[in-house]
Amino acid sequence: MKIYFTLKSIPELSSLPGDKRLVLWRKYYPKVFKHSSIRISLLVISIAMLVGFYFSLRIEPWVPYGYVVSGLICVICYLLFLQLFISVLRVYLKEETSQEGHPKVFK
């Protein structure tokens, strides 16, 4: 599984200029949130972040390492959510992309 950190690392968007990448991102961003898998994962990740924060403070309440652990848990959960989000987004981008590899929006 490839990890996507930027819009340029998404294969369907990599050949486009930056402004066109943003246009497609903004076009499909709201549509991705309509998927139940995204909503459920957002709920699960939020609960995981809260539980991780709670336990990191309960285990070592007198040491500031609890904040570091909870911060790492938040970053890991965000990265996992972002990968799922982009995998759903790529479905829309594949539909948008024509045979030549250019989005239909810009033809």
Tell me whether Y78 at atom OH has more than 12 heavy atoms from other residues, nucleotides or ligands lying less than 6.0 Å away. no
Rounded to the nearest 0.5 Å, what separation is found between the CD1 atom of I10 and the NZ atom of K2? 10.0 Å
I need the minimum non-hydrogen distance between Y4 and P11, along with the two atoms involved. CE2-CD, 3.6 Å
Atom pair SG (C77) and CG (L72), whose distance is rounded to the nearest 0.5 Å: 11.0 Å
Heavy-atom closest pair, residues V88 and S37: CG2-OG, 4.3 Å
Search all heavy atoms of L13 against all heavy atoms of L24 and return the closest pair with its distance. CD2-CD1, 3.6 Å
So how far is it from I45 CD1 to S41 OG, rounded to the nearest 0.5 Å? 5.0 Å
Could you grab the distance from atom CG of L43 to atom CD1 of I38, nearest 0.5 Å is fine? 13.0 Å
Could you grab the distance from atom CZ of R21 to atom NZ of K8, nearest 0.5 Å is fine? 5.5 Å
Considering only Ile, Leu, Val, Met, Phe, Trp and Tyr, and joining two whenever side-chain heavy atoms are under 4.5 Å apart, list the other residues clustered with V91. none
Please tell me whether V51 and V44 are part of a single hydrophobic cluster in this structure, the criterion being side-chain heavy atoms less than 4.5 Å apart. no
Measure the acute angle between the ring planes of Y29 and F33, then classify it against the limits of 30° and 60° as parallel, tilted or perpendicular. perpendicular
Is L93 reachable from L22 through a run of I, L, V, M, F, W or Y residues, each pair having side-chain heavy atoms under 4.5 Å apart? yes
Where do I3 and Q83 come nearest, in terms of heavy atoms and distance? CA-OE1, 3.4 Å
What's the verdict on side-chain contact (heavy atoms from CB on, under 4.5 Å) for V23 and D19, showing C-alpha distance, side-chain angles and the deciding distance? CA-CA 6 Å; V23 168; D19 57 340; 5.7 Å; no
Interatomic distance, OG@S87 vs NE2@H35, rounded to 0.5 Å, equals 9.5 Å
